[in-house]
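For reference, the structure is listed below as structure tokens.
Everything numeric here is computed off the predicted structure, so don't read it as measured data. Here is the naming used below: chain letters follow the sequence lines, and residue numbers restart at 1 for every chain.
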There are 2 protein chains.
Amino acid sequence: MRIGELSKATGVPVPTIKYYLREGLLPAGELSSPNQASYGDAHLRRLRLIRALIELAQVPVATVKEILESLDADTEPLHEQIGRAHRALTPTRRLSATDEARTAATTQVRDLIAARGWSVEADAPALATLVDTVAALRTLGQEGLVAHLDDYADAVERFARIEIEGVTKNPTRDQLAESVVIGTILGETLIASLRLLAQESISADLWKDR
Amino acid sequence: MRIGELSKATGVPVPTIKYYLREGLLPAGELSSPNQASYGDAHLRRLRLIRALIELAQVPVATVKEILESLDADTEPLHEQIGRAHRALTPTRRLSATDEARTAATTQVRDLIAARGWSVEADAPALATLVDTVAALRTLGQEGLVAHLDDYADAVERFARIEIEGVTKNPTRDQLAESVVIGTILGETLIASLRLLAQESISADLWKDR
DNA sequence: CGCTTATGGATACTGATACTATCCATCACA
DNA sequence: TGTGATGGATAGTATCAGTATCCATAAGCG
């Protein structure tokens, strides 16, 4: 496959593909002469993955790169691969809540994790985000929502279980890692849009008359 | 309150507050003289909301503006207010899937909505995102995940119900709208971080040994 | 009263991100 | 043999989210 065909097959403009090559998102094609390279099926699948992450899941290019690197590091333990992807995915948070809310949130989250028996490292970035979010919700006067944290955790465990089940059938190791990462990231987009739809439907039923 | 106190109370730099004022995210303070304005408690709460949306939920400034406008349009029916916020929240999507995957996804989503009895407008932007996401998952060879769409919808209905329940107790109309919007947006951040945590825990248990 | 600091308002500048555009010396192929 | 695509390099662009600077005025302190 030449770059033009790659472009036609995916709808990604040639200059953009060149940009991804430059940035190291896409490995270089096999050179047959100094200015002729050919791309294979792996390139096609990789490019589709890149585009889905960027367009659909709005993952920044630099983060996509980190994620792909973690996928390609298939000598690492699987859990490490996933952890790397998670870390890339979670931006370092700043604070935006009052101190009381923060301490309350910290305790609540610690208790939740203990009660669920989750094994989570203390420096997991998602942990910080969770605390910040709970704190922000409290600061904004949404204690009602926060009171249902446990219900949320319930549902979320359900997701995680579905994803693991759907994935453990996968034969090869690197397919497994790829599935987990895709499931994590596009799964989020999936949940978000489903949730919007459900809300819209319920709010239509409930408040048709203001 | 003067702008400096507003800044100290929230941790937002003064120039940034000025920027939000310029952009119309924050209403102007009450002028006591040509270069002296005072801000009230409403400004403080609004500013905290703005920051939570921008920092935590990564909502673009322009979108925050639209959302706040929909909150302030409290003469509109509640469902309309929410719809406006939803529309602002869902970026217009481009495609990134094969045609077969798209048609399969379209049917699957239509069937799902019919089976659930959801009342969703055909032009709801979240609908397009959902179709695109399902199509992308298929294109990327993740049919396993897509097969569990219905389980996802189950869990998501649970979320929506929690959110509605927690919110209908709210006394005033505009507090109601605000709660729904905060719940929608920060709820997503909440779910995302919980989900990452649950995955991390499960993957640690399951794949400690590669 | 004078002095330092803060303020509102306007305009300009910055750094990051994600591409696009242009060039050029080959290549492929009709 | 010439038309168009390609690889590689470099430069340019649009958008976003602030920052920085200036100025004339106002507040608070000694």
Side-chain angles (χ1 to χ4, degrees), chain A residues 1-40 43-44 47 49-68 88-89 91-94 96, chain B residues 1-40 43-44 47 49-68 88-89 91-94 96:
Chain A
M1 231 187 302
R2 290 201 313 290
I3 202 174
E5 307 176 67
L6 202 52
S7 165
K8 212 168 292 173
T10 56
V12 181
V14 172
T16 304
I17 298 178
K18 284 187 173 186
Y19 165 65
Y20 293 154
L21 287 165
R22 277 203 303 282
E23 294 297 307
L25 296 200
L26 209 53
E30 207 189 328
L31 282 176
S32 57
S33 53
N35 67 333
Q36 221 63 31
S38 76
Y39 306 90
H43 288 95
L44 183 59
L47 183 53
L49 175 56
I50 292 169
R51 281 261 113 175
L53 297 183
I54 289 176
E55 289 186 29
L56 232 39
Q58 318 249 76
V59 179
V61 167
T63 307
V64 171
K65 191 183 176 190
E66 289 183 69
I67 290 167
L68 296 176
L89 235 24
T92 333
R93 305 252 136 257
R94 300 110 247 159
S96 76
Chain B
M1 230 188 301
R2 292 200 314 291
I3 203 174
E5 307 177 65
L6 203 52
S7 165
K8 212 167 292 173
T10 56
V12 181
V14 172
T16 305
I17 298 178
K18 284 187 174 188
Y19 165 64
Y20 293 154
L21 286 165
R22 277 202 306 281
E23 294 297 306
L25 296 199
L26 209 51
E30 206 189 326
L31 281 177
S32 57
S33 54
N35 67 333
Q36 220 64 30
S38 76
Y39 305 89
H43 287 95
L44 184 58
L47 183 53
L49 176 55
I50 292 169
R51 282 261 112 175
L53 296 183
I54 289 177
E55 289 185 30
L56 232 38
Q58 317 249 74
V59 179
V61 168
T63 307
V64 172
K65 190 184 177 189
E66 288 183 69
I67 289 167
L68 296 176
L89 236 24
T92 333
R93 305 251 138 259
R94 301 109 248 158
S96 76

Look only at the side chain of [X] and the backbone of [Y], and say whether a donor-acceptor pair between them is shorter than 3.5 Å.
X	Y	value
B/E5	B/R2	yes
B/S38	B/M1	no
B/S7	B/V12	yes

Could you tell me whether B/R22 contacts a base, only the sugar-phosphate backbone, or nothing, with contacts defined as non-hydrogen atoms closer than 4.0 Å?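 Here B/R22 touches the bases of the nucleic acid.
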
Regarding A/P34, tell me which of base, sugar-phosphate or nothing describes its non-hydrogen contacts under 4.0 Å with the strands shown.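 Sugar-phosphate contact only - A/P34 comes under 4.0 Å of backbone atoms but never of a base.
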
By nearest nucleotide on DNA chain C, pick out whichever of A/A62 and A/K18 is the more 5' one.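 On the 5' side of the pair lies A/A62.
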
On DNA chain C, check which nucleotide each of A/P15 and A/N35 is closest to and give me the residue with the more 5' one.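 The answer here is A/P15.
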
Considering only [options], which nucleotide approaches the side chain of [X] most closely?
X	options	result
B/T16	D/dT10, D/dG18, C/dG9	D/dG18
B/V61	D/dG18, D/dG28, D/dT6	D/dG18
A/I54	D/dT6, D/dA17, C/dC19	C/dC19
A/S33	D/dA17, C/dA28, D/dG8	C/dA28

Take the protein atom [atom1] of [X] and the nucleotide atom [atom2] of [N], then report the distance between them rounded to whole Å.
X	N	atom1	atom2	result
B/L25	D/dC16	CG	P	13 Å
B/L31	D/dA27	CG	P	12 Å
A/L21	D/dG8	CG	C1'	10 Å
A/I3	C/dC27	CD1	P	17 Å
B/E5	C/dT5	CD	P	18 Å

With a 4.0 Å limit, can you tell me whether [X] has a side-chain N or O closer than that to the phosphate oxygens OP1/OP2 of [N]?
X	N	value
B/Y39	C/dG8	yes
B/Y19	C/dT11	no
A/R51	C/dA18	no
B/Y20	D/dG18	yes

